[in-house]
Amino acid sequence: MRRLRKILIWAALIAFTIAFIYPFIWLLSASFKPRSEVFDHRILPETFTFDNYIRVWQEAPLALWMFNTLLVTVLAAVAVTITSAMVAWGFAYFRFPGRGPLFGLVLATMMLPGAVTMIPVFLIWNSLGMVGTLTPLWAQNLFGSAFYIFLLRQFFLGLPREPFEAAKIDGANNWRIFTRIALPLCKPAVVVTLLFEFQAAWTDLMRPLIYLRDSSTFTVPRGLKALLDQFGFGGEWHWEIVMTASVITTIPMIILFFLGQKHFVKGIATTGGK
Amino acid sequence: MRFTETRAALLFISPWIIGFLIFTAWPVINSAYLSLTDYDVINDPNFVGFDNYVTLFEDPKVGLALRNTFIYAVMSVPTQLIVSLGLALLLNSVTKASGFFRTAFFLPKMTPPVAIGILLLMLFNGQSGLVNGFLGIFGIDGPAWTTDPDWIKPGLVLMNLWTVGSSVVIMLAALRGVPQELYDSALVDGAGWWKRTLRITVPMISPTLFFLFIVDSINALQSFTEAYTAFFGAGNTTYSNDAALFYAIYLFQQAFEFLHMGYASALAWLLFIVIMAITAVQMLVTRRFVHYEGGNP
């Protein structure tokens, strides 16, 4: 009976693993198939071809899209990590009048649906003449983000106070205490913030849809949507192009996951994710 | 001393204060004002009082979008919770290789939502999709998931199940926090697996279930990217997409495709009220079933 249960559990785990991994394999395999065989569901392509990758590279400014995305992603992740850590430290370390209510306000902003601020924020960037540029995709991150402030503050609160008091007696100023002692001690939370925001910025579609007009400014997800509109149901029915572009869009995230797997899993388990 | 500490703190917090004023406080005020105007970005806003809010109730697409969004949320949220709980229980019952399986379950969560929308179109294609191919093995003639209005939302629900991995990770962490003694004493009493799960596991992790229930609901009510990718946008002339018109999609269209900024702002405030109301009801109703160690707070 015990043995049977064990076998059933393992069978279920393996079945689900296949269900979760198979779409990746199917997609990857389809990207190496010629147009006529894309939907044949073979795991190994009958006719193996690199043509789709060459076609995508010719049809779309992929290198440029990659560069745009990388630029936005790095700026977004670095900016939000530095400023959120600063703000979190401000709330965690110092005692000042109004700290509780102010932090309550930080948390309250998380409850506000993005839809409410979306239009006025667009109008701000529009009046600055920055619609059509990459700036609106990351510059808001220069002001921290409530979720990460919350995450980093929790971490700072868990640190012992002694090293900071000792450094203060030694004459270190507040900025030095923050950058030289607090930030290094908080490395796991900093890495989680970087990884989460890197993923969020890389995969975002809504903001690029709102702010980007010209194909040369597209990020990869925005470009992928454009390719779908053209080659998918845009009348051309070249699904192999769309699939290949999907593979190219997804692979950096898979690499990111394997680079930071431990931090991803830990970050999501402790914070409930984004 | 006190003063310098306050000044230092304010310096550290200043990025958030500035950001809050520019990107939250002002937009909230401006959005409330814009919702009372006609505004197309090119011409100055034209004050129309509560006209936009009256239009909301007369616009059949608002009703349609709300209905679509509710139906989707009601199908999607419980399914997500049950499946992720099931997977977490499975993972929790093996010691060997649980890391490997966890990775496999989590990996799809890394896929960009736009690629998930594209996968939906291909995997759930009525004629040549993988899903119907799989159903065909069992002699089931699968529906036209991506074109039949009745099957579009179930298709989206199933496709999004692919990304339950993060919920599984959260639930697994909660399951590992349940004290083993509880199970030991239940085993002595002769309680079976089902009984142990329903009487011990579920109550013990109910705060996590409650948290995921609220967060998943808020997210489902704002679903946008997968459905927009698959069924809307410049190229789509093939698919009927009324069944996939979610509220966030309609709002996006009104704002950025038709440039009805005033009307879209009113739509945004209705969404805000709807989400608040639903969250409040969920909290009131489910609170009673949530068990907190050491008494309810």
Side-chain angles (χ1 to χ4, degrees), chain A residues 9 12-13 16-17 20-21 23 26-27 39 41 83 86-87 89-91 94-97 106 109 112-113 115-121 126 140 142-144 149 174 199 202-203 205-206 210 221 224-225 228-230 232-234 239 242-243 246 249-250 253-254 257 261 265 268-269 272-273, chain B residues 5-6 8-9 12-13 15-16 18-19 23-24 27-28 30-31 34 41 87 90 93-94 101 103-105 107-108 110-115 118-119 122-123 128 130 133 162 166 169-170 173 211 215 222 224-225 229 233-236 238-239 248 251 255-256 261 264-265 268-269 271-272 275:
Chain A
I9 288 172
L13 281 168
F16 279 112
T17 300
F20 279 107
I21 297 304
W26 183 86
L27 187 69
F39 286 100
H41 303 324
T83 50
M86 274 175 65
V87 176
W89 180 245
F91 278 115
F94 301 101
R95 292 173 203 133
F96 56 96
V106 175
T109 59
L112 192 71
V116 172
T117 52
M118 184 171 78
I119 291 165
V121 169
N126 190 44
Q140 226 177 305
L142 287 170
F143 304 97
I149 293 171
N174 281 319
Q199 187 198 7
W202 184 279
T203 59
L205 178 69
M206 197 194 257
I210 294 174
L224 182 56
K225 175 65 178 140
L228 172 69
D229 289 344
Q230 185 189 344
F233 38 52
W239 285 103
V242 180
M243 288 179 185
S246 302
T249 313
T250 306
M253 291 297 98
I254 305 286
F257 174 71
Q261 181 174 6
V265 170
I268 286 168
Chain B
E5 189 168 355
T6 303
F12 274 95
I13 295 168
W16 178 79
I18 298 166
F23 292 109
T24 305
V28 165
N30 197 21
S31 172
L34 285 174
V41 187
L87 291 175
L90 274 176
S93 56
V94 289
F101 290 121
T103 299
F105 294 174
L107 208 52
M110 297 304 290
T111 315
V114 58
I118 288 169
L119 271 171
M122 295 183 295
L123 298 178
S128 46
L130 192 63
W162 195 46
S166 54
V169 167
I170 295 166
F211 168 80
V215 173
Q222 298 182 74
F224 175 81
T225 306
T229 302
N236 184 6
T238 333
Y239 295 98
L251 200 162
F256 300 106
M261 295 291 178
S265 297
W269 283 104
L271 178 67
F272 175 67
I275 290 178

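Every chain is numbered from 1 and lettered A, B, ... according to where its sequence line falls, protein lines coming before strand lines.
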For this session: Specify whether B:F105 and A:F16 have parallel, tilted or perpendicular ring planes, treating 30° as the upper limit for parallel and 60° as the lower limit for perpendicular.
Result: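 B:F105 and A:F16: perpendicular rings.
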Exercise. Once the angle between the rings of B:W16 and A:F91 is folded into 0 to 90°, is it parallel (under 30°), tilted (30 to 60°) or perpendicular (over 60°)?
Worked result: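 The arrangement is perpendicular - the two ring planes meet at more than 60°.
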Give the member of [options] that has the highest number of heavy-atom pairs under 4.5 Å with chain B.
| options | answer |
| --- | --- |
| A:V106, A:V242, A:L205, A:L112 | A:V106 |
| A:A12, A:P23, A:S246 | A:P23 |
| A:W89, A:W26, A:W202 | A:W26 |
| A:I119, A:T250, A:I254 | A:I119 |
| A:I149, A:L13, A:I9 | A:L13 |
| A:T83, A:L27, A:T17 | A:T17 |

Option that, when pairs with chain A are counted at under 4.5 Å, heavy atom only, ranks first among [options]:
| options | value |
| --- | --- |
| B:V114, B:L130, B:V169, B:L87 | B:L130 |
| B:P108, B:S93, B:S265, B:G133 | B:P108 |
| B:L34, B:N30, B:L251, B:T229 | B:T229 |
| B:L271, B:T24, B:T111, B:I118 | B:I118 |
| B:A268, B:G19, B:A173, B:S128 | B:S128 |

What are the two closest non-hydrogen atoms of [X] and [Y], and how far apart are they?
| X | Y | value |
| --- | --- | --- |
| B:M122 | A:M243 | SD-CE, 2.8 Å |
| B:G233 | A:K225 | CA-NZ, 4.1 Å |
| B:P113 | A:T203 | CD-CB, 3.7 Å |
| B:P27 | A:V121 | CG-CG2, 3.9 Å |
| A:N174 | B:F12 | O-CZ, 3.8 Å |
| B:I170 | A:I268 | CG1-O, 3.5 Å |

Problem set entry | Contacting region of B:L119 [heavy-atom separation from chain A under 4.5 Å] |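 It is the side chain, since no backbone atom gets that close.
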For this session: Sort B:F272 into side chain, backbone, both or neither according to what part of it lies under 4.5 angstrom from a heavy atom of chain A.
Result: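 The answer is both parts of B:F272.
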Problem set entry | Working for side chain to side chain contact (heavy atoms under 4.5 Å, CB included), residues B:W269 and A:V116 | CA-CA 6 Å; B:W269 283 104; A:V116 172; 3.6 Å; yes
To the closest 0.5 Å, what do you measure between [atom1] ([X]) and [atom2] ([Y])?
| X | Y | atom1 | atom2 | value |
| --- | --- | --- | --- | --- |
| B:L123 | A:H41 | CG | NE2 | 9.0 Å |
| B:F256 | A:M206 | CZ | CE | 8.5 Å |
| B:I13 | A:M86 | CD1 | CE | 10.0 Å |

For this session: Verify, without hydrogens or angle tests, whether B:W162 (side chain) and A:F20 (backbone) share a donor-acceptor contact under 3.5 angstrom.
Result: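 Indeed, once roles are kept as given, a pair shorter than 3.5 Å links the two residues.
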Exercise. Is a side-chain donor or acceptor of B:E5 paired with a backbone partner of A:F96 at a separation under 3.5 angstrom?
Worked result: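 Answer holds: no.
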For this session: Check whether A:T109 gets within reach of chain B through its side chain, its backbone, both or neither, counting any heavy atom under 4.5 Å.
Result: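 Only the side chain of A:T109 comes within 4.5 Å of chain B.
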